[in-house]
Amino acid sequence: MNERFDPAVADQRWQRVWDERQCFAASDTTDKPRAYVLEMFPYPSGRIHMGHVRNYTLGDVLARYKRMTGHEVLHPMGWDAFGMPAENAAMEKGVHPGGWTRENIANMKAQLKRLGFALDWSRELATCEPDYYGHEQALFLDLYEAGLVYRKESAVNWDPVDMTVLANEQVIDGRGWRSGALVEKRKLSQWFLKITDFAEELLEGLGDLKDWPDKVKLMQENWIGKSQGLEFAFTLSNGESLPVYTTRPDTIFGASFVAVAADHPVAQTVAEGSSEAQAFIVECKRGGTTAAELETAEKLGFDTGLTARHPFSGADLPVYIANFVLMDYGTGAIMAVPGHDQRDFDFATKYGLPIVRVVATDPAEADKPFAGEAEAGDGVIVNSDFLNGKSVADAKADVIARAEQGGWGEGKTVWRLRDWGVSRQRYWGTPIPFIHCDACGVVPVPKDQLPVVLPEDVDFQTPGNPLLRHPTWKHVDCPKCGKPATRETDTLDTFVDSSWYFLRFASQPADRPFDPGVVAQWLPVEQYIGGIEHAILHLLYARFWTRALRRTGLINVGEPFASLFTQGMVTHETYSREQNGRDVFYSPAEVERGGESATLIEDGGPVEIGRVIKMSKSKKNVVDPDAILADYGADAIRWFMISDSPPERDLPWSIAGIEGCARFVQRLWRLFGQYDAGAEGEDKALDRKRDQTVAAVADDIEALAFNKAVARVYELTTAIEKAQPSASRSSAIRAILLLVAPMMPHLAEEAWDAIGEEGLIAEAAWPPVDPALLVDDEVTIAIQVKGKLRDTVTVAKGTAKDELEALALASEKVQRALDGAEIRKVIVVPDRLVNLVA
RNA sequence: GCGGACGUGGCGGAAUGGUAGACGCAGGGGACUUAAAAUCCCUUGAGCCUUGCUCGUGCGGGUUCGAGUCCCGCCGUCCGCACCA
């Protein structure tokens, strides 16, 4: 064996062998148990970043481990290839989005290959290719036939200077990112998917997802937002009826005004007779469409002069048009209870409206003033006539019952979840397969005419949707009547692309989206891994899409992802200098890092080491995986990714850390070099340590607690190094080689070959363990006096309680700590501790 | 603004309510070497009256024989908020 392991040679060598032997191609026809391991596929931005390396390393370790434990593993990779960055590149650099994207894919694929991931490249897909999005169009038509697709008006961010629709991230401080113009809300007719039809199912389904993080399930639950409340109608002073919805009917006596959305019919009617109301409604159109923006904006209202009669008290409440009321939720009108809703509180404070307490922690505090904010918590009802003294829950039920009895309202379930708007006024996406005909209306493209392919000859020099401007593309004959008609020029949200790619990975026939029988063999995904930022939208849409396909009879899978894991971000410290009162940042490549300081290579002067934050271009704290790969090899970078930080938390990148990993690669290599197949003699303690480590590492990998597995590998390595040569020692070396095979596959193959083993370690079996060796026969007992540790004693496992107590009392240290005090109580936990309470 | 999480040495972290700090990094000391690299050994929470004792898991309370872990209230940081992916 060579003295040093050379990753530059070994990485390439084994990557070629894996490729040639098609080691990681998943078979659809096998008797083995299946394991579908999937990481969220990347957007092809051009270069792999550390976040990708982490994500795919986590999945790869699991996939390789699953293979070693006898599973047929499906571990595919593809590209989420539609989206805005390609169009931005087209505008900025004059390149075609397709060419730019495909070049990025080629680069990133080469980078992934250099990391030695055990991926089935034969199933690679890119969502921007017609052989993917054509099937998506077919599925969209299936959902249309099932009644799950419709069109309605919906607001977008409109840039009045560029005359274009902006994404939320393109709106900065209420202005268009390029033009700087104030953005307005504009209504367009757009395509929607009826995700709300599945609200109950999606909520209920969360209960079956035992291996999803509770936080993700909770976030989805809150997002779906099922609420039981009361819908009832106020009678207005003009005789009209105004339906409102409230989740807090218990607070009805605290209502001090009524508010409607700016696009509510009542607001429209009022505006007809008032130019001031009109102006206010126009004012409400200013600004973007995001929830965060709407809710942090100053609460504004317009007094319509109308009043609404309170159903119990008969009081006349003023009716406002308010910018914080949403037309999309409930009825677009609310009864406002300032004491117990913060938005209402802010509004009432601004317009001098009464704030009445109707919930208190104690009936005696009925007139306690508010401490500058609303109180949304539980309590007892006060100042509320017949509701006084009731709990919040009882009062809710009582008011709903009275409303239903009186025939002026009814209990109702309302969802926060809104239907999914999938229209995008952009070029680089899946064309929505519909045709607009003056005579026949909106007509689906017949399936035999799919795919509707994007035109290649498009111009990005003018803002707006190139499909709309294209001279010929949209002009077609109506499939129904044959007369001239136009294509739909909106494309699909890229979340649609990522809502079924995991099905296409499992099965990809040419003539249809997938084969349901093959899909059933692989789905659900056994382990899905990706960022927490996808906790709601992507995961909810994928769950919805899967259920929608089941309802249309296309598949028989409900939940696509059996187990979900959300990994943390890769972070790095920042380097900066203050210049002219501003921080100038330097990249890690420009800086020489010492133990506790850092200097700029260019001039040798010091730079300030800043906080450890998410790698980002603006702070220049980005490290390119390729450079690391070239310096340290794939195994070192993979080892770094799984060491130290638990995968769900942030991982701080450091050059010292990667150097430590590279050193450990060499240390293992030296250890493997000491393997002696002919060594004799038994080392019971090492045998025990070996099997305990094998069992624990297996548990850790299955729990994705890789940092713990890594710590155990270090411990076993040290134990082997300290042991004398023996058959046990060689056996332990062989075991640790198998343990690290999923983590450092190149080193493992090289060593496997060097010690004379047959075949590839990638195809070897996980080492078996002897259950008898897993339990220790001795344990160390803690001896406490009044809960404080005073001594320890090592005894045989299972030593009796009274014996432990006697040992504790016999301890000199214990006697000194007791200092003659009388023992009042003794707590003995077998194999754990003795606590003497004096 | 609303929803969700996280907080333990210089750093990343470990710890079924039961010996806080496993393991790694960084630091200190030493061996080997002409020297360096590489490697190996020892050491490293803070404080003190140092056979040992006291304090210590963001802050303030509480439950318990015993709390990093459970409960209540704060503070700070991060993620999401429906057209970024």
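Since we're looking at a predicted model, the values are computed, not measured. A, B, ... follow the sequence lines: proteins, then strands. Residue 1 opens every chain.
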(Q) If I take atom CD from residue A/Glu805 and atom OG1 from residue A/Thr799, how far apart are they, to the nearest 0.5 angstrom? (A) 14.0 Å
What is the distance from [atom1] of [X] to [atom2] of [N], rounded to the nearest Å?
| X | N | atom1 | atom2 | result |
| --- | --- | --- | --- | --- |
| A/Leu716 | B/C23 | CG | C1' | 13 Å |
| A/Asn157 | B/C83 | CG | P | 10 Å |
| A/Phe664 | B/C25 | CZ | C1' | 14 Å |
| A/Glu778 | B/U19 | CD | P | 19 Å |
| A/Asp700 | B/A22 | CG | P | 17 Å |
| A/Leu326 | B/A82 | CG | C1' | 12 Å |
| A/Ile658 | B/A26 | CD1 | P | 12 Å |
| A/Met569 | B/C78 | CE | P | 9 Å |

Is there side-chain contact between [X] and [Y], with at least one heavy-atom pair below 4.5 Å?
| X | Y | result |
| --- | --- | --- |
| A/Glu221 | A/Leu206 | yes |
| A/Gln220 | A/Arg543 | yes |
| A/Asn621 | A/Glu573 | no |
| A/Leu668 | A/Thr717 | yes |
| A/Asp650 | A/Ser645 | no |

Summary of protein contacts for [range], nucleotide by nucleotide, where a base hit scores B, a sugar-phosphate-only hit scores S (4.0 Å, heavy atoms):
| range | result |
| --- | --- |
| nucleotides 36-56 of chain B | ---SS------------SSS- |
| nucleotides 1-12 of chain B | BSSSS-S----B |
| nucleotides 62-74 of chain B | ---B--------- |

By the 4.0 Å heavy-atom rule, please label [X] as base, sugar-phosphate, or nothing.
| X | answer |
| --- | --- |
| A/Thr494 | sugar-phosphate |
| A/Gly531 | nothing |
| A/Phe324 | nothing |
| A/Glu659 | nothing |
| A/Glu293 | nothing |
| A/Ser45 | nothing |
| A/Thr780 | base |
| A/His534 | base |
| A/Val156 | base |
| A/Leu836 | nothing |
| A/Val171 | nothing |

(Q) For A/Val779 and A/Arg416, find the nucleotide of RNA chain B closest to each by heavy atoms; which residue's nucleotide sits nearer the 5' end? (A) A/Val779
Q: Would you mind telling me which residue lines up with the more 5' stretch of RNA chain B, A/Gly660 or A/Glu169, judged by nearest nucleotide?
A: A/Gly660
Please report the distance separating the [atom1] of [N] from the corresponding atom of [M], rounded so that it comes out in whole Å.
| N | M | atom1 | result |
| --- | --- | --- | --- |
| B/G60 | B/G76 | P | 16 Å |
| B/A15 | B/A22 | P | 13 Å |
| B/U19 | B/A26 | P | 30 Å |
| B/A67 | B/U16 | C1' | 15 Å |
| B/C71 | B/G17 | P | 12 Å |
| B/U8 | B/G45 | C1' | 11 Å |
| B/A31 | B/A37 | C1' | 16 Å |
| B/G21 | B/U44 | P | 12 Å |

So, [X] and [Y], do they make that salt bridge, N to O below 4.0 Å?
| X | Y | result |
| --- | --- | --- |
| A/Asp214 | A/Lys217 | yes |
| A/Asp776 | A/Lys797 | no |
| A/Glu488 | A/Arg151 | yes |
| A/Arg175 | A/Asp173 | no |

For residues 651-664 of chain A, which side-chain N or O atoms pair as donor and acceptor with protein atoms under 3.5 Å away, sequence neighbours left out?
| from | atom 1 | to | atom 2 | distance (Å) |
| --- | --- | --- | --- | --- |
| A/Ser654 | OG | A/Gly657 | N | 2.9 |
| A/Glu659 | OE2 | A/Tyr632 | OH | 3.3 |

**Q.** Residue that, paired with A/Phe41, satisfies ring pair (Phe, Tyr, Trp, His ring centres under 6.0 Å) out of A/Tyr501, A/Trp79, A/Phe502
**A.** A/Tyr501
Q) Would you say the side chain of A/Glu533 and the base of B/C84 hold a donor-acceptor pair, judged only by whether the two atoms sit under 3.5 Å apart? A) no
**Q.** Any A/Arg418 side-chain N or O less than 4.0 Å from OP1/OP2 of B/A82
**A.** no
Q: Establish, with yes or no, whether the OP1 or OP2 oxygen of B/A15 is under 4.0 angstrom from a side-chain nitrogen or oxygen of A/Lys708.
A: yes
In terms of ring plane angle, is the pair [X] and [Y] parallel, tilted or perpendicular, where the classes change at 30° and 60°?
| X | Y | value |
| --- | --- | --- |
| A/His534 | A/His538 | perpendicular |
| A/Tyr575 | A/His572 | perpendicular |
| A/Trp500 | A/Tyr132 | parallel |

Q. Is the ring centre of A/Phe347 less than 6.0 Å from the ring centre of A/Phe324?
A. yes
Q. Which nucleotide, B/U19, B/C79, B/G24, lies nearest any side-chain atom of A/Tyr714?
A. B/G24
**Q.** A/Gln190 side chain, from C-beta outward: closest of B/C23, B/C83, B/U19
**A.** B/C83
Q.
Checking understanding here: a glycosidic angle within 90° of 0 is syn, the rest anti, so what is B/G52?
A. anti
Q: Taking Watson-Crick and G-U wobble pairs with both distances under 3.5 Å, convert RNA chain B into its dot-bracket string, 5' to 3', dots for unpaired and | for cross-strand pairs.
A: (((((((..(((.....[....))).(((((.......))))).((((...))))..(((((..]....))))))))))))....
(Q) Using the ring-ring contact (aromatic ring centres under 6.0 Å, His included) criterion, which residues pair with A/Tyr329? Sequence neighbours excluded. (A) none
Q. Crowded around A/Lys614 NZ? As in, over 12 foreign heavy atoms under 6.0 Å?
A. no
